[in-house]
Amino acid sequence: MSAAAAPLTDHQKRERIARRIARELRDGFYVNLGIGMPTMVANYVPPEIDVVLQSENGMLGVGPYPVEGCEDADIINAGKETVTEVPGTSYFSSAESFAMIRGRHIDLTVLGAMQVDENGDLANWMIPGKMVKGMGGAMDLVASARRVIIAMEHTTKTGAPKILPKCTLPLTGIKVVDTIVTELAVIQVTPEGLVVQEIAPDTTVEEVQKATAAKLIFKGPVKTMVS
C-alpha cells in the first residue's frame, strides 16, 4: 500500500466489497442477500443484468435501498431494513420463502461471516457467551444455494485474521463457501486451497497474506480488483 494512501473507512470497505460482488451476478440469477453488508449489493446490480433478489422474510423482487424520505415501513428485507420493490415483486410467507431456498431454486447467496477457513467451512452465526436468537436462515442457504459468496472485512476490528486454517467459532456449514470477497482480495476456495484471484489496487500480495492466517495460493500475476 502506498505510504500516502489514506486507510479506507468502514463504509468505503463495505461499498468496495458490495460493488465487487455485484460483478458476480449473472443474467437470470435468483439471488439471496444475507443480513448486513450483503444487502448493499442490491444498490450495485449492473443495469444490463436482470436478476431477481429474494429476501427470506418473504419477498421476491427486492430493489435498492429507498431514497431518504421515500421509505415504506411495510417493505423490508430480512434485516428489517426498508427496501424498494421492482416491477413484478411478489410477497409470500416465510414458509414459502424457505421452500424456495430448500428446493435449491436460489442460484447464489451472499452472506456475511465471522470466520472462513481454507476448507470452505463457515462460521457466521454466534460467538460463544454472547446472546443470539439462533442460526436463522444461514444454515438453509449454505446447504441449498448453488453458490455461496462471503462478503466480509478481511480482519476483525482489532486486526485479527478472519480467514483461518480452521474455524474456531461454531460452524454454520462445512465446505460450503465458494468465494470470499473482502476489501483486500477476491479469493476462490478450491480443493487445493485458497486461490487469490484479485487484490485491491491499494494493497500488495504480501500485505494480503500478512492479514490472512491461512496460507494463500498465488498463481502467476494476480489481477487488480475492479469494483
Side-chain angles (χ1 to χ4, degrees), residues 1-53 62-65 83-84 86 106-113 116 118 120 122 124 145-156 159 161-163 176-190 192-227:
M1 182 184 297
S2 168
L8 296 177
T9 65
D10 289 344
H11 179 74
Q12 288 172 326
K13 290 178 183 178
R14 293 192 294 267
E15 188 176 55
R16 172 183 284 181
I17 293 165
R19 285 183 180 274
R20 178 58 187 82
I21 290 175
R23 293 171 60 88
E24 295 294 306
L25 303 180
R26 296 292 180 267
D27 211 41
F29 268 19
Y30 285 83
V31 180
N32 178 284
L33 301 178
I35 294 172
M37 190 193 313
T39 59
M40 293 177 64
V41 174
N43 286 346
Y44 306 112
V45 176
E48 70 277 9
I49 296 296
D50 182 19
V51 298
V52 180
L53 302 182
V62 179
Y65 287 118
V83 292
T84 58
V86 300
I106 301 299
D107 296 291
L108 169 67
T109 187
V110 183
L111 297 171
V116 181
E118 58 191 18
L122 169 66
N124 81 338
R146 294 191 176 102
R147 185 180 176 200
V148 176
I149 296 180
I150 296 304
M152 70 176 188
E153 293 183 24
H154 208 93
T155 62
T156 67
K162 295 172 72 174
I163 304 175
V176 293
V177 176
D178 297 293
T179 306
I180 307 165
V181 179
T182 75
E183 77 280 10
L184 297 183
V186 178
I187 302 168
Q188 193 74 23
V189 181
T190 75
E192 59 185 312
L194 300 175
V195 178
V196 179
Q197 295 182 319
E198 304 172 15
I199 64 170
D202 50 3
T203 193
T204 65
V205 294
E206 291 80 14
E207 289 176 325
V208 174
Q209 180 60 81
K210 185 177 179 181
T212 309
K215 178 177 174 54
L216 299 175
I217 300 170
F218 298 91
K219 293 185 175 180
V222 180
K223 296 180 180 178
T224 299
M225 185 192 303
V226 178
S227 58

Please confirm whether the backbone N or O of [Y] pairs with a side-chain atom of [X], one donor and one acceptor, at under 3.5 Å?
X: T224; Y: P201; value: no
X: T179; Y: I149; value: no
X: R14; Y: M37; value: no
X: N124; Y: G112; value: yes
X: E183; Y: H154; value: yes
X: D107; Y: Y30; value: yes
X: Q209; Y: L216; value: yes

Quiz item: Just one of I217, V195, L194, T182 clears the side-chain contact (heavy atoms from CB on, under 4.5 Å) bar with I187, so which one?
Solution: L194

Locate the shortest heavy-atom distance separating [X] from [Y]; write the atom from each residue and the value.
X: A22; Y: Y44; answer: CB-O, 3.1 Å
X: V208; Y: I199; answer: CG2-CG2, 4.0 Å
X: I17; Y: A151; answer: CG2-CB, 3.8 Å
X: A145; Y: T109; answer: CB-CG2, 3.6 Å
X: A18; Y: M40; answer: CB-CB, 3.7 Å
X: L25; Y: L108; answer: CD2-CD2, 3.7 Å

Quick check for you: to the nearest 0.5 Å, what is the distance between [X] atom [atom1] and [Y] atom [atom2]?
X: D10; Y: E153; atom1: CG; atom2: CD; value: 5.0 Å
X: R23; Y: I49; atom1: CZ; atom2: CD1; value: 10.5 Å
X: K210; Y: L184; atom1: NZ; atom2: CG; value: 12.5 Å

Exercise. Decide yes or no on side-chain contact (heavy atoms from CB on, under 4.5 Å) for V116 and M152, but give the supporting numbers first.
Key: CA-CA 10 Å; V116 181; M152 70 176 188; 4.1 Å; yes

Kindly indicate whether the side chain of [X], heavy atoms from C-beta on, has any atom under 4.5 Å from the side chain of [Y].
X: P161; Y: T212; result: no
X: R147; Y: R26; result: no
X: V62; Y: L33; result: no

Self-check item: salt bridge (Lys or Arg N to Asp or Glu O under 4.0 Å) involving E198 - partner list, sequence neighbours excluded
Solution: R20

Quiz item: Would I180 and I163 satisfy side-chain contact (heavy atoms from CB on, under 4.5 Å), going step by step from the backbone distance to the final call?
Solution: CA-CA 9 Å; I180 307 165; I163 304 175; 4.1 Å; yes

